[in-house]
Chemist: 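My questions all concern the structure below.
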Amino acid sequence: MKSYYYAVYEVTRRIPHGKVTSYGAIAKYLGLKSGARMVGYALTTLNQSPFHGIPAHRVVNRNGLLTGKVHFGSPTRMADLLRSEGITIENDQVLNFQEVFWDPSEHLPPFIPTEY
DNA sequence: ATACTGACTAGAA
DNA sequence: CTTCTAGCCAGTA
């Protein structure tokens, strides 16, 4: 497993309760060029990794769409988790996306690649 | 080793 | 406005 996977997990773990972020935002914070896809891939392996307490449901795509919901077992699991945190979901999409969006590069200290 | 597949996204057509 | 395309790179067959 590649090292930046851990970085992705760390960032995801720090998303505040009731907030969401996007794959691209995480990729940008980590300095992965166009690496949004890799972020999604890293989260895919989350199911079989030792990291289970990670709030992966707080990561959506740039439009606030719940693109990763198919990985949560039930079709409504991801949306339910988000709703339980006070986020409004309709049609698998975050309605108040702007308000609940949390940008890692604005709330976390600068990422240092050498620490992984 | 080659081919194909994605929890993506920005830009071109 | 809506597709389409390229770039991204680890897994799997």
Side-chain angles (χ1 to χ4, degrees):
Chain A
M1 176 179 294
K2 275 305 179 184
S3 59
Y4 69 77
Y5 277 30
Y6 291 99
V8 172
Y9 301 153
E10 281 303 314
V11 176
T12 306
R13 188 185 308 175
R14 295 176 190 208
I15 301 173
H17 181 281
K19 294 287 184 179
V20 300
T21 192
S22 72
Y23 304 93
I26 294 174
K28 179 183 176 183
Y29 171 68
L30 296 178
L32 304 172
K33 184 182 180 183
S34 302
R37 218 170 177 179
M38 302 306 102
V39 173
Y41 195 85
L43 294 181
T44 298
T45 68
L46 212 50
N47 302 320
Q48 44 192 321
S49 79
F51 302 88
H52 283 297
I54 296 183
H57 58 279
R58 294 181 190 144
V59 184
V60 300
N61 81 348
R62 66 175 175 127
N63 298 127
L65 195 62
L66 277 53
T67 50
K69 71 168 200 164
V70 297
H71 296 271
F72 285 79
S74 131
T76 59
R77 179 98 160 279
M78 187 175 184
D80 290 339
L81 287 170
L82 291 172
R83 287 202 188 91
S84 70
E85 298 185 357
I87 296 174
T88 305
I89 309 293
E90 189 168 307
N91 260 348
D92 296 326
Q93 173 150 335
V94 179
L95 291 190
N96 48 342
F97 189 49
Q98 300 277 349
E99 302 170 20
V100 299
F101 181 74
W102 180 84
D103 189 349
S105 50
E106 288 183 5
H107 299 274
L108 292 179
F111 175 68
I112 303 167
T114 56
E115 69 182 84
Y116 291 98

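Lettering follows sequence order; numbering is per chain, from 1. Because only heavy atoms are used, hydrogens play no part in the values below, and waters and symmetry mates are left out as well, while side chains stay in.
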Chemist: Tell me the interatomic distance from Tyr9(A), atom OH, to dA7(B), atom P, rounded to whole angstroms.
Modeler: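 Those two atoms, OH and P, are 15 Å apart.
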
Chemist: When the distance from NZ of Lys69(A) to P of dA7(B) is rounded to whole Å, what number comes out?
Modeler: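 About 13 Å, once rounded to whole Å.
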
Chemist: Looking at every strand, decide which applies to Ala42(A) at a 4.0 Å heavy-atom threshold: base, sugar-phosphate, or nothing.
Modeler: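 No contact.
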
Chemist: Could you tell me whether the side chain of Thr12(A) and the main chain of Ala56(A) form a donor-acceptor pair under 3.5 Å?
Modeler: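 Flag not set: sc Thr12(A) to bb Ala56(A) has no pair under 3.5 Å.
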
Chemist: To the side chain of Thr44(A), which of dG11(C), dA7(B), dC9(C) is closest?
Modeler: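 Of the candidates, dA7(B) comes closest.
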
Chemist: Between dA7(B) atom P and Leu32(A) atom CG, what is the distance in whole Å?
Modeler: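 These atoms are roughly 18 Å apart.
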
Chemist: His71(A) NE2 to dG6(B) C1': how many Å, rounded?
Modeler: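 Nearest whole value for this atom pair: 8 Å.
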
Chemist: Starting from Leu65(A), walk the hydrophobic network (Ile, Leu, Val, Met, Phe, Trp, Tyr; side-chain heavy atoms closer than 4.5 Å) and list everyone else you reach, by chain and number.
Modeler: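 Hydrophobic cluster check, Leu65(A): no partners found.
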
Chemist: Say you pick atom P in dC4(B) and the same atom in dT5(C); how far apart are they, in whole Å?
Modeler: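 Looking at atom P only, dC4(B) and dT5(C) are 16 Å apart.
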
Chemist: Please list, chain by chain and in numerical order, all residues satisfying ring-ring contact (aromatic ring centres under 6.0 Å, His included) with Phe97(A), sequence neighbours excluded.
Modeler: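 So Phe97(A) forms a ring-ring contact (aromatic ring centres under 6.0 Å, His included) with Phe101(A).
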
Chemist: Which residue in the set Arg77(A), Glu85(A), Lys69(A) passes side-chain hydrogen bond (donor to acceptor under 3.5 Å, both in side chains) when paired with His57(A)?
Modeler: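 Only one of Arg77(A), Glu85(A), Lys69(A) forms a side-chain hydrogen bond (donor to acceptor under 3.5 Å, both in side chains) with His57(A), namely Glu85(A).
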
Chemist: For Leu81(A) and dA7(B), give me the distance from atom CG to atom C1', rounded to whole Å.
Modeler: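 Leu81(A) atom CG is separated from dA7(B) atom C1' by 15 Å.
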
Chemist: To the closest 0.5 Å, what do you measure between CG (Leu82(A)) and OG1 (Thr76(A))?
Modeler: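 Leu82(A) atom CG to Thr76(A) atom OG1 measures 11.5 Å (nearest 0.5 Å).
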
Chemist: Tyr9(A) side chain to Ala42(A) main-chain N or O, any donor-acceptor pair under 3.5 Å?
Modeler: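 Checked: pair present.
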
Chemist: Which atom pairs link the protein and nucleotides 9-13 of chain B when you take only N or O atoms and keep those under 3.5 Å?
Modeler:
from    : atom 1 : to       : atom 2 : distance (Å)
dT9(B)  : OP1    : Gly24(A) : N      : 3.3
dT9(B)  : OP1    : Arg62(A) : N      : 3.2
dT9(B)  : OP2    : Arg62(A) : N      : 3.1
dA10(B) : OP2    : Arg62(A) : NH1    : 3.4

